[in-house]
Amino acid sequence: MPSTVPIIRSRQAEKEVNGIPTQVVCTEFSNYIFIVLTQYGKIGTLISVTPDTKSNDITTPMFSTKVLLGKDEPLTHVCAKNLATFVSQEASNRPILLGLSLKDSSKDAITEMKSLIKSCQVW
């Protein structure tokens with residue numbers, strides 16, 4: 001009897017954010033949630049966002065970011081944490097692998113992008 005549930009769940013969406021076409025693809029793996037958020041049509045910088053198990057306060061986990069490929073700049077870490085921590089928290093503190101390629105990283109744009117990511121929920 002064939003299973004109708006896909007092994008790997010994935011959803012994608014596209015929306016203009018501040019006049020810039022923005023695409024997101026969210027894919028759920030057994031050990032990570034993989035999110036690609038792009039305004040250039042490519043993966044861009046690859047960042048790992050993981051809950052910090054060393055935190056003493058379990059109700060408010062801290063998150064660590066690590067650039068695996070691409071530009072390792074402070075703004076990259078700030079954007080990654082802002083875009084991915086809510087996903088990890090909603091997905092039982094699972095780690096996030098985030099591909100980020102943005103033209104606009106303003107506060108308003110990040111807020112809209114979070115909504116776009118939420119629309120592709122696979123967790």
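Following chains of ILVMFWY side-chain contacts shorter than 4.5 Å, one can reach I7 starting from F34, so the two form part of one hydrophobic cluster. Residues L97 and L69 fall within the same hydrophobic cluster, defined by Ile, Leu, Val, Met, Phe, Trp and Tyr side chains chained together at heavy-atom separations under 4.5 Å.
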> Does the pair Q39 and T22 meet the rule for a side-chain hydrogen bond (donor to acceptor under 3.5 Å, both in side chains), with working shown?
Replying inline: CA-CA 5 Å; Q39 294 178 321; T22 306; 3.0 Å; yes
>> Apply side chain to side chain contact (heavy atoms under 4.5 Å, CB included) to residues V25 and S10 and explain how you reach the verdict.
In response: CA-CA 7 Å; V25 178; S10 187; 3.7 Å; yes
> Would I117 and C26 count as a side chain to side chain contact (heavy atoms under 4.5 Å, CB included) if you check the C-alpha gap in whole Å, the side-chain angles of each, and the deciding distance to 0.1 Å?
Replying inline: CA-CA 7 Å; I117 290 169; C26 297; 4.1 Å; yes
> side chain to side chain contact (heavy atoms under 4.5 Å, CB included) between T50 and T65: does it pass, once the steps are laid out?
Replying inline: CA-CA 7 Å; T50 54; T65 56; over 6 Å; no
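Judged purely by distance below 3.5 Å, without hydrogens or angles, the side chains of D108 and S106 never pair a donor atom with an acceptor atom.
E112 is linked by a salt bridge (Lys or Arg N to Asp or Glu O under 4.0 Å) to K15, counting only residues two or more places apart in sequence or in another chain.
In this structure the side chain of V24 never reaches within 4.5 angstrom of the side chain of V36, judged on heavy atoms. Under the 4.5 Å side-chain criterion, counting only non-hydrogen atoms from C-beta, Y32 is not in contact with I96. Within the 4.5 Å cutoff, the side chain of L102 has heavy atoms near those of the L100 side chain. Side-chain atoms of T38 and I43, non-hydrogen and from C-beta on, never get closer than 4.5 Å to each other.
Summarising the geometry, atom CZ belonging to R94 is positioned 10.5 Å from atom CZ belonging to F29; distances are rounded to the nearest 0.5 Å. With rounding to the nearest 0.5 angstrom, the OG atom of S105 is 11.0 Å from the CG atom of N18.
Note that K118 lies outside the cation-pi zone of F86, set by a 6.0 Å cut-off to the ring centre and a 45° limit from the axis.
Remark: side-chain polar atoms of T85 are paired, donor with acceptor, to backbone N or O of K81 under 3.5 angstrom.
Other residues, nucleotides and ligands place no more than 12 heavy atoms under 6.0 Å from the NZ atom of K66.
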